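Shown next, in structure tokens, is the structure this report addresses.
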Amino acid sequence: MSTPYAKLPAWADYGLIPVINLAVAFVVAGFVVLLVGENPFRAAVVLVEGAFGRGQGIAFTLFYATTFIFSGLSVAVAAHCGLFNIGGEGQGYIAGLGIGIICLAFDSVLPWWLTFPLAIVAAAAMGALWALIPAYLQAKRGSHIVITTIMFNFIAASVMVYALVGFLKPAISMAPQTRTFLDGAQLPKLNWVIELFGAKIRSAPFNISFLLALAMAFLVWVLIWRTRLGYEMRTYGHSSKAARYAGISETRIIIIAMMISGALAGMMALNPTMGDQHNVALEFVSGAGFVGIAVALMGRLHPVGIVLAAILFGMLYQGGAELAFEMPAISRDMIVIIQGLVILFAGALEHMFRPYVQALFASLSPKSVGIEAIKGKGA
Amino acid sequence: MDLFNAIIQVLDSTIRLSVPLLLACLAGLYSERAGIFDIGLEGKMLVGAFAGAASASVFHSAYIGLGMAILISVAFALVHGFASITHRGNQIVSGVAINFIAAGSTIMLGQAWFQQGGRTPALASDERFGAIIWPGADAVRGVPILGPIYSELISGHSVLVYVAFLAVPFTWWVLFRTRFGLRVRAVGENPAAVDTAGISVAWLRYRALICTGVLTGIAGAYLSMVQNGGFVKDMTAGKGYIALAALIFAKWKPVNAMFACLLFGFLDALSIRLQGTPLPLIGKVPVQLMQALPYILTVILLAGFIGKAIPPRAGGVPYVKER
Amino acid sequence: MAQAAIELIGINKSFGAVRANRDINLEIARGTIHGIVGENGAGKSTLMSILYGFYQADSGEISVGGQPASIKSPNDAIALGIGMVHQHFMLVDNFTVLENVILGAESDALLKKSIAKARSELERLEREYGLEVDPDAIIEELPVGLQQRVEILKALYRGAEILILDEPTGVLTPAEADHLFRILRQLKEQGKTIVLITHKLREIMAITDTVSVMRQGTMVATRQTTKTTVGELAELMVGRRVLLRVEKGEAEAGGVKLAVKNLTVKDSRGVTMVDDVSFDVRAGEIVGIAGVAGNGQSEMLEAISGIRRAISGSVMLDGKPIDLTGAADPGELRDRGLAHVPEDRHHVGLVLAFEENENSILGYHDDPRYLRGPFLDIDAIRDDARDKIAKYDIRPADCRLKTANFSGGNQQKIVLAREMEQDPGVLIVGQPTRGVDVGAIEFIHKRLIAMRDQGKAVLVVSVELDEIRSLSDRILVMFAGRIVGERGPEATEGELGLLMAGVEQREAAE
Amino acid sequence: ADIQPALLYDLGGKFDKSFNEASYNGAEKFKAETGIAYVEFEVSNATQREQALRRFAEDGRNPIAMAGFSWADALEKIAVEFPETKFAIIDMVVDKPNVRSVVYKEQEGSYLVGVMAAMASKTKKVGFIGGMDIPLIRRFGCGYVGGAKAAGATDVIQNMTGDTPAAWNDPAKGGEIAKTQIDQGADVVYAAAGGTGVGVLQAAADAGKLGIGVDSNQNGLQPGKVLTSMVKRVDVAVYNTFMDAKNDKFTGGINDLGLKEGGVDYAMDDNNKALVDDAMKAAVEKAKADIIAGTIKVHDYMSDNSCPY
Ligand SMILES: Nc1ncnc2c1ncn2[C@@H]1O[C@H](COP(=O)(O)OP(=O)(O)OP(=O)(O)O)[C@@H](O)[C@H]1O
Ligand SMILES: Nc1ncnc2c1ncn2[C@@H]1O[C@H](COP(=O)(O)OP(=O)(O)OP(=O)(O)O)[C@@H](O)[C@H]1O
Ligand SMILES: [Mg+2]
Ligand SMILES: [Mg+2]
């Protein structure tokens with residue numbers, strides 16, 4: 001994902017351009033709002049107020065953001081190694097199996113602070129395992145990782161249905177989901193943190209897995225930019241030939257990167273299951289894996305950017321729910337559209353506005369653009 | 001005889017179920033042969049289905065419905081083109097975006113316009129494409145073996161079914177016997193060769209994407225106006241991805257594509273037919289396994305365990321002339 | 001002088017910040033063969049691609065046959081009777097020859113007629129020029145020489161009156177090159193105009209009527225071939241007298257440091273590129289491998305350095321054998337004291353998106369000096385990079401600058417610094433000065449000789465014969481995957497040239 | 001009393017022509033009669049259930065009615081948090097003092113339409129297509145089989161659309177299953193499958209066979225091609241909940257509504273008049289009377305997870 005264009009200052013590259021892309025996505029979304037006969041400006045106000053207006057809203061925003069941090073990091077880790085892991089959805093979903101088994105087994109005997117680490121390991125392991133097969137096939141057999149991970153999303157869905165209508169479901173229950181976890185597998189809420197600032201929260205699922213997400217964001221930063229493994233991943237990501245030259249094993253690095261990516265995707269399952277619903281239900285991931293693509297793109301594959309982008313998407317989710325309450329013509333599907341637009345403008349069309357921005361910068365100060373300015377006297 | 005009838009019925013069902021896959025698969029064939037990966041087949045089919053059913057019910061005409069389905073689907077294909085051809089964006093990302101936008105906007109607009117939970121109104125029979133009974137179909141029904149084959153399998157499908165199956169030889173002919181096809185295949189292999197031959201790479205690829213849009217539009221119309229009497233949210237339910245799997249399975253060849261889609265349609269038909277019935281030797285097969293089978297088969301194929309699927313060489317890579 | 005077939009006036013072209021063509025003027029007479037020479041990156045291909053409409057000039061005018069022409073796409077060029085054989089072939093590999101020939105020049109919306117027409121037309125061209133090729137063969141199954149022939153046929157099929165050939169002989173054997181030249185002369189006799197881009201001054205002297213020299217994007221001179229010399233052209237190309245010999249003392253060769261044994265390598269198509277090659281390099285000597293590009297040198301280097309898997313063969317490093325057919329990986333060889341400067345610095349030797357300091361540990365990133373446990377020791381890495389920058393005079397002296405923003409010569413120095421400073425026992429270098437300016441060439445050559453004088457074994461592969469002759473203590477000549485001869489540094493250019501052309505030693509002596 | 005009623009729909013959406021639409025009709029009737037407006041919300045994912053419930057409760061909505069068993073988990077929590085708020089849940093029992101749980105004896109209504117199906121059938125083969133494969137839907141199927149067999153059907157082909165909630169909303173698959181059943185000889189097909197049923201009725205009509213609707217009166221969906229509908233008076237439950245709350249007569253506990261209570265029934269209107277002859281009418285009325293009288297006891301699948309017919 002190198003940029004073929006001349007250089008912009010970092011703040012423009014990592015701040016201005018994403019903001020422009022985002023703004024365009026919202027403008028287009030505004031037209032959709034118009035199309036259903038609502039006022040886009042009021043919709044925007046409701047959205048932002050719903051997400052940040054009250055403590056309750058903030059808590060929900062951060063709750064959603066938690067999941068997106070994991071899925072965004074997952075996409076980013078793979079992307080740094082030049083791999084497009086579009087299978088976060090399936091990896092997160094299948095991780096629910098590990099979580100379910102751990103929680104059902106231990107929730108009555110262990111306190112949450114023992115169940116949680118076990119569940120983290122189980123979730124990460126299942127996610128990593130689910131990424132392992134596509135990774136192996138890419139490394140050893142050259143199957144395109146994008147296609148195999150898509151296929152694995154569907155296979156995961158079938159496996160989970162099989163498990164949830166089968167052995168994970170209590171016999172008497174109608175809904176294809178596990179029984180409700182007992183206290184031993186319910187994560188403590190973090191709402192009190194927001195309440196410290198004076199807000200009042202009646203109840204929101206914002207929970208301790210948020211801290212795990214932040215910790216993972218930090219660890220991903222360390223991994224990518226401060227470890228030998230991360231160095232190898234980035235080398236491979238930029239040039240497989242250079243990696244080969246540097247003695248980096250292609251098979252090993254693909255498999256490791258994908259397993260880390262899968263593990264992170266797996267961990268995103270902790271938040272909705274142990275943190276919110278207290279069960280493992282059908283389709284509990286509900287697209288969060290795909291949102292991770294948008295989050296990673298918006299965040300420019302950097303953990304700090306990803307956390308910010310995840311909060312943005314959390315805001316969209318929460319604000320979008322409020323929007324659905326307040327404006328009947330707008331359903332939550334508006335959010336799906338906005339996500340799509342963000343992926344389109346911040347991802348696929350990321351370079352659309354760059355030449356204009358560059359031209360603008362060039363006209364402001366010719367020295368800041370291009371290489372001539374920094375090129376030395378030559379060899 | 002009972003078994004024979006059962007087989008005919010499953011095959012009949014196979015045909016119906018494989019049509020949307022086939023249309024989408026051929027759609028994907030055009031764009032991928034031209035070097036543009038398209039995981040947005042799902043989304044384009046979905047908007048096609050929505051636009052088709054919505055306008056059919058508003059204008060009370062199946063043909064207007066079909067026209068709109070194609071139009072909107074082509075429009076989405078052009079968005080994909082704008083991102084991945086004109087702006088050289090990442091084709092996978094663009095496809096994902098299109099799927100999101102399609103999923104959200106069909107429900108939202110459907111709800112806002114028709115207020116039926118994202119559904120369009122049920123279509124009357126003149127707003128749909130009905131079955132075409134071939135001459136003599138009823139007369140020969142009684143003839144053993146050939147009778148049922150003619151009257152059940154061959155006759156009695158909607159016009160779009162025949163369109164889908166005729167699209168197979170037509171696509172083959174276009175791809176391998178016409179100038180346009182030659183160029184499409186070339187641009188998917190080596191766009192620079194096409195460029196230096198004096199042909200516009202971008203315009204060629206856009207045209208291929210228009211073909212894709214037309215076919216996904218028909219696929220969508222089939223879903224909402226033939227298979228079903230109206231649009232229902234998420235009605236593609238992953239068919240675009242199965243079509244993609246079929247395309248790989250078919251190694252990007254039209255006739256193979258037909259067989260791959262028939263195979264996947266057959267698996268689906270079989271799983272409906274066999275629901276809960278234990279099979280000899282194997283026992284009761286979980287539905288989920290049947291549902292996952294197309295994906296599993298594709299993974300196995302991709303892994304090269306049953307032949308090797310080599311995609312068009314320039315696929316997925318934007319054509320960049322000046323770095 | 002005959003009427004001008006082509007006239008280029010004031011052509012400018014930039015790629016981003018790179019000015020590939022600056023204010024170029026050129027006039028080529030009808031019915032002549034015009035050569036264009038220049039170093040790598042001088043802008044030759046760019047200029048011709050502009051004439052062919054593949055790129056658009058930023059400014060400037062073109063006239064063809066005396067008429068001002070607006071060439072906006074290859075289509076316009078083709079219509080004006082311009083054909084081009086690109087440096088990198090523009091063929092669809094899994095198409096047949098016929099399909100490639102008609103692509104873009106189909107006579108009809110259906111293929112049937114076009115194919116029939118092309119078939120008879122190809123037969124005619126074959127008869128007229130001896131351009132033999134099976135019209136139904138699949139391109140990827142043809143040897144490069146024939147692929148090039150298809151490119152020429154493509155141009156002629158489109159009725160080219162002006163034919164541009166961009167480094168056509170780089171991939172050809174001398175016999176094939178001779179054949180090509182015969183064809184070109186024949187074309188010229190029929191009144192066609194030919195533009196020939198090449199590095200090889202000998203070819204220029206042999207076949208062209210006029211010659212232009214490009215340097216760093218500018219057109220420095222145009223001469224009648226008969227009124228110039230190789231020496232003058234070379235001087236024009238590089239901008240000053242070529243330093244043919246670097247000052248160096250006698251080699252004091254010691255024991256064998258690197259022994260290559262029975263190395264056989266095939267490329268991805270299964271063609272044998274290196275055929276049972278064995279040789280030694282001793283401590284304190286530089287062994288140069290000379291040869292026309294494409295005779296297996298690249299594959300050999302890749303195999304010796306562990307990047308490419310060999311079919312058979314091993315290397316002895318300090319007396320210990322390493323099997324090259326599978327187990328060896330570049331990391332292991334590097335650990336055993338073999339440093340490698342690869343030919344392709346942009347994709348292999350460097351990660352252009354990395355900061356300079358990150359590239360200065362590429363391949364040595366598991367060296368404990370740069371690590372603290374599993375973590376990178378950022379301070380150590382940057383200090384080390386700054387040392388190398390100072391020592392190798394890499395400019396700009398900023399170890400945090402993105403590598404892509406260094407010029408080619410400086411990029412090469414980054415690689416050399418990294419590999420040489422590891423104090424390896426054996427150094428293998430592919431194309432040490434490709435695309436590097438003259439000042440840097442001198443610096444690099446001196447460094448290589450210094451390595452030798454420290455008692456290292458140095459293996460240099462270069463397509464530049466002058467470079468090989470000025471650096472090497474022993475010269476091995478590679479032809480068609482084999483070592484066809486060994487000479488001392490005193491060998492003449494002619495002698496080596498014959499070897500490189502695959503002419504048997506005995507014949508050469510005659 | 002001054003009430004601010006609220007209604008929550010399940011995933012099928014408000015106008016599913018079936019279950020959710022029935023609850024909407026009940027609320028509309030209430031609104032028309034009393035002039036009291038209500039608020040409503042359609043969920044689209046699991047996390048939203050609790051959020052929506054809590055939000056309505058916090059806003060002081062009371063009573064809050066919700067359609068569908070999937071609300072149970074969320075309601076368990078919220079009912080405790082808001083003991084003053086009155087809730088009503090349909091199709092599920094939530095044992096809280098402030099919750100009215102409305103469940104239906106679907107087996108009884110299904111028995112009646114089974115009788116009619118068998119009598120209308122020429123092949124004496126009839127079909128049943130369920131939505132998601134859960135005990136509740138099997139209860140429909142079991143009652144239907146009971147009625148059909150009692151009225152002379154030789155074979156009842158039963159299929160479920162799927163194992164996941166998506167099965168409620170897959171008309172294409174419903175249609176395909178219906179075609180399969182018709183191919184196997186069924187000529188009357190009963191769909192207890194929410195939105196999927198629309199496709200079933202469509203396919204039956206396309207093939208010139210008869211369908212049977214469910215929950216709401218679906219006779220009008222394919223006029224003249226729908227034999228009858230097994231109506232489940234969800235509308236009445238919603239209407240009663242709102243009315244009782246208005247009149248301060250709301251009580252918690254379980255309302256188990258069968259034929260006797262008018263909770264389930266078969267539907268007659270102009271659309272199917274021609275399809276139901278007098279003999280059929282007499283037979284079904286007799287069965288209804290017998291069930292109410294207790295002379296016929298229709299087996300409840302959910303009582304022992306099995307079907308004896
Ligand atoms: N498509 C492109 N995008 C960006 N830069 C380019 C492109 N093509 C060439 N350049 C740059 O333009 C300059 C001139 O390149 P050109 O290919 O014309 O040189 P050349 O004389 O043909 O060299 P060679 O002998 O290596 O073929 C180089 O610096 C090169 O990197
Ligand atoms: N991929 C790239 N991205 C950005 N800039 C590039 C890229 N490749 C080359 N450049 C820039 O283009 C310029 C020309 O590159 P090139 O490799 O032709 O070097 P050069 O000008 O020939 O230098 P030297 O004289 O040292 O060989 C360099 O200064 C470099 O900064
Ligand atoms: Mg060139
Ligand atoms: Mg250079």
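Just so it is clear, the model here is predicted, and its values are computed rather than measured. No hydrogens, no waters, no symmetry mates; every other heavy atom, side chains included, goes into these values.
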Examine whether an atom of [X] lies under 4.5 Å from a heavy atom of chain B, and if so say whether it belongs to the side chain, the backbone or both; otherwise answer neither.
X: A:Val146; answer: side chain
X: A:Ile293; answer: side chain
X: A:Val165; answer: side chain
X: A:Phe152; answer: side chain
X: A:Ile86; answer: side chain
X: A:Leu344; answer: both
X: A:Leu35; answer: both

Side chain, backbone, both or neither of [X] within contact of chain A (heavy atoms, under 4.5 Å):
X: B:Leu293; result: neither
X: B:Phe82; result: both
X: B:Ile98; result: neither

So A:Phe154 and B:Tyr241, would you call those rings parallel, tilted or perpendicular, with 30° and 60° as cut-offs? tilted
Tell me the closest heavy-atom pair linking [X] and [Y], and the distance in Å.
X: B:Ala103; Y: A:Val336; result: CB-CG1, 4.4 Å
X: A:Ile337; Y: B:Ile101; result: O-CG1, 4.1 Å
X: A:Arg141; Y: B:Ala303; result: CD-O, 2.6 Å

Are A:Ile330 and B:Met108 close enough that some pair of their side-chain heavy atoms sits under 4.5 Å apart?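 Side-chain contact under 4.5 Å: yes.
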Measuring only between side-chain heavy atoms, which start at C-beta, is A:His351 closer than 4.5 Å to B:His87? no
Around A:Phe31, counting heavy atoms of other residues, nucleotides and ligands shown, do more than 12 lie under 6.0 Å from its CZ?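 Counting other residues, nucleotides and ligands, CZ of A:Phe31 stays at 12 neighbours or fewer.
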Inspect the surroundings of OH in A:Tyr136 and state if more than 12 heavy atoms from other residues, nucleotides or ligands are less than 6.0 Å away. no
Heavy-atom pairs under 4.5 Å with chain A: which of [options] has the most?
options: B:Ala102, B:Gly95, B:Ala292; result: B:Ala292
options: B:Thr106, B:Ile92, B:Asn99; result: B:Ile92
options: B:Gly89, B:Ser84, B:Ala97; result: B:Ala97
options: B:Ala112, B:Gly316, B:Ala83; result: B:Ala83

From [X] atom [atom1] to [Y] atom [atom2], the distance as rounded to the nearest 0.5 Å:
X: A:Ile150; Y: B:Leu244; atom1: CD1; atom2: CG; answer: 6.0 Å
X: B:Leu301; Y: A:Met151; atom1: CG; atom2: CE; answer: 10.5 Å
X: B:Asp234; Y: A:Asp333; atom1: CG; atom2: CG; answer: 8.5 Å

Between A:Tyr162 and B:Leu289, is a side chain to side chain contact (heavy atoms under 4.5 Å, CB included) present by the stated rule, with each step listed? CA-CA 9 Å; A:Tyr162 181 75; B:Leu289 181 62; over 6 Å; no
Spell out the residues in residues 71-80 of chain B that have some non-hydrogen atom less than 4.5 Å away from a non-hydrogen atom of chain A, in order of number; otherwise answer 'none'.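 Only B:Val79 of residues 71-80 of chain B have a heavy atom under 4.5 Å from chain A.
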